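Remember, predicted model here, so these are calculated numbers, not experimental data.
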Amino acid sequence: MEQLKSWQEPLGVLEKFFSDKKRPVNKQKIIRDYHACSLLFHVFLTDLGSSLEKLELQIGDLKTRRKV
C-alpha cells in the first residue's frame, strides 16, 4: 500500500498536465511533455500490475492456509 501511495504526487502531475486547458501553442513542448507523461504513466502501470499480482498471490495463500 505504501508503494501505491507513493504514486499520488506523480499521478497528480499527470492529471494537471491533461486537465490544463491553457496549453502552450509550442508543438515541440507539447510532444516532449506528452512523451514524458506517457513514460511516467507506463512505469506506474507496470508497478501497479506487479503490486496487484503480489497481492493476488498473498490473498490466494491466505485462502489456502489452515485456519487456527
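Residues L62 and L55 do not share a hydrophobic cluster, clusters being chains of Ile/Leu/Val/Met/Phe/Trp/Tyr side chains in contact below 4.5 Å.
With sequence neighbours excluded, the residues satisfying side chain to side chain contact (heavy atoms under 4.5 Å, CB included) with H35 are S38, L39. A search for side chain to side chain contact (heavy atoms under 4.5 Å, CB included) contacts involving F44 returns W7, L11, F41, L48, not counting sequence neighbours.
Rounding to the nearest 0.5 angstrom, the gap separating the CD1 atom in I59 from the OG1 atom in T64 is 12.0 Å. With values rounded to the nearest 0.5 angstrom, L57 atom CG is found 7.5 Å from E53 atom CD.
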